[in-house]
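Values below: all heavy atoms of this structure, side chains included; hydrogens, waters and symmetry mates excluded. The chain is numbered in sequence order, starting from 1. Ligands are counted one by one from 1 in listed order, and the atoms in each one are counted from 1 as well.
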Amino acid sequence: MAKHWADFQYEIYLNGLTGAVPRLPTDLTRLEALTERRLGPGPVGYVAGSAGDGSTARANRAALERRRIVPRMLRDVHERDLSVEVLGRCLPAPLALAPVGVLSIMHPDAEPAAARAAAAQGVPYILSSASSTPMEQVAEAMGDAERWFQLYWPKDREVARSFLNRARAAGYTALFVTLDTPLLSWRPRDLDQAYLPFLHGVGTANYFSDPAFRAGLAKPVHEDPDAAVTHFVGMFADPGKTWPDLAFLRENWDGPIVLKGVLHPDDARQAADAGMDGVVVSNHGGRQVAGAVAAADALPGVVEAAGDRLTVLFDSGVRTGDDVFKALALGARAVLLGRPYAYGLALDGQAGVEHVIRCLLAEFDLTLALSGHASPSALSPADLVEDTA
Ligand SMILES: Cc1cc2nc3c(=O)[nH]c(=O)nc-3n(C[C@H](O)[C@H](O)[C@H](O)COP(=O)(O)O)c2cc1C
Ligand SMILES: CC(C)CC(=O)C(=O)O
């Protein structure tokens with residue numbers, strides 16, 4: 001019998017018999033406000049902020065909220081199985097933790113704590129290139145859990161090649177290449193605080209520990225950290241890249257490659273033509289293009305264009321179990337969770353991230369069952385209506 005994530009609900013009530021209540025709210029939309037009170041203005045602005053006036057981040061939520069579930073009754077939901085196949089792996093639920101860099105500004109235990117939480121719950125963790133901890137150390141923290149690596153594609157080919165070699169050697173099996181960040185967007189919350197973690201050396205661990213990166217420095221990092229940061233800023237991304245450049249990644253990575261940040265159906269077709277394995281429909285949580293299409297509104301078009309040539313994943317705005325339901329009903333195979341787990345980490349370290357995962361999946365499991373479905377594969381757009389009021 002598959003695990004019933006909804007059992008967490010009963011566990012909470014049972015614990016209540018001894019007077020215990022959850023340390024964090026079970027409504028994950030409340031975590032941001034709590035984090036705002038806990039962290040300094042720079043870090044909290046960085047994680048909670050988005051591009052421009054925040055309209056894309058708001059649109060992400062609105063596009064999910066506008067879609068309403070139409071529950072069905074009397075359909076035997078006693079036994080449920082939330083498992084899905086993603087990139088050739090069987091996942092226990094349609095969820096992975098999105099790559100979120102610089103987690104040490106949230107909590108000193110940073111990426112290893114998030115990775116341990118994901119591993120404990122059996123959920124894949126996608127480690128960011130811009131992590132505060134080198135990829136090898138995070139891999140160790142994950143034990144034998146599924147490891148996926150996110151690449152910010154460096155301008156320097158040798159550094160890119162070195163990252164891919166290191167990731168493979170450390171046991172990462174799938175590569176997520178983020179396309180929507182060739183430049184950092186206009187982010188007023190960060191600009192008003194004049195705060196960018198990288199300039200404080202945070203998020204540079206994979207670079208500063210990389211032999212190919214270090215070969216480009218006149219002096220060792222510890223002798224001239226400012227020069228190392230400048231070198232990092234110069235090579236972090238390359239706005240000159242185009243579709244044919246993907247051949248380099250295909251030649252240097254033999255596992256699945258997923259392009260993150262795809263919103264247009266034609267880009268999905270190009271991804272498939274370039275031999276990619278999947279796409280993440282994402283607008284980076286509203287952090288890149290202010291005024292961009294909401295991710296949930298872009299999802300159906302990408303799903304149609306992808307057909308059976310690509311695995312389609314989704315992120316941007318997922319906060320609740322019903323958001324997961326809606327993304328899957330619109331055609332995503334699984335969702336990536338972003339800010340909520342970073343807030344869980346900020347508020348309660350590894351335990352906070354585990355709490356977030358368990359709440360989200362318990363709520364999803366219950367939403368699925370109460371809507372008359374026993375597995376994610378049963379969902380379709382017909383389970384939703386659009387609230388046009
Ligand atoms: C603080 C922060 C750091 C992020 N760092 C990365 C990153 O290093 N690589 C990446 O591909 N996406 C990064 N993202 C984007 C997430 O992977 C994901 O697309 C986004 O958080 C989803 O939106 P949501 O937070 O509204 O759910 C970051 C997001 C946040 C909030
Ligand atoms: C721009 C990156 C370095 C980190 C990131 O993805 C983000 O802050 O959204």
task = Would you mind running through ligand 2 and noting each atom that sits below 4.0 Å from a heavy atom of Thr181?
result = 1 (C)
ask   = Is it the side chain (CB and beyond), the backbone, both or neither of Gln150 that lies under 4.0 Å from ligand 1, heavy atoms counted?
value = side chain
Nearest candidate to atom 28 (C) of ligand 1, where distance is taken over non-hydrogen atoms, out of Gly286, Pro99, Gly317 = Pro99
request  = Tell me yes or no: between the side chains of Ser131 and Asn206, is some donor less than 3.5 Å from an acceptor?
outcome  = yes
request  = Could you tell me which atoms of ligand 1, counted from 1 in the order shown, lie closer than 4.0 angstrom to a heavy atom of Lys260?
outcome  = 10 (C), 11 (O), 12 (N), 15 (C), 16 (C), 17 (O), 18 (C), 19 (O)
task = Determine whether the side chain, the backbone, both or neither of Gln288 has a heavy atom under 4.0 Å from any heavy atom of ligand 2.
result = neither
request  = Enumerate the atoms of ligand 2 whose separation from the nearest heavy atom of Phe198 is less than 4.0 angstrom.
outcome  = 3 (C)
query = With a cut-off of 4.0 Å, which atoms of ligand 2 are near a heavy atom of His284?
reply = 5 (C), 6 (O), 7 (C), 9 (O)
Per-residue contact class, Val47 against ligand 1 - non-hydrogen pairs under 4.0 Å = both
query = Which protein non-hydrogen atom lies closest to atom 2 (C) of ligand 2, naming both residue and atom, and how far is it?
reply = Tyr152 OH, 3.8 Å
remark   = The answer for which part of Tyr152 has a heavy atom under 4.0 Å from ligand 1 is side chain
ask   = Just heavy atoms, cut-off under 4.0 Å: does Leu184 contact ligand 2 by side chain, backbone, both, or neither?
value = side chain
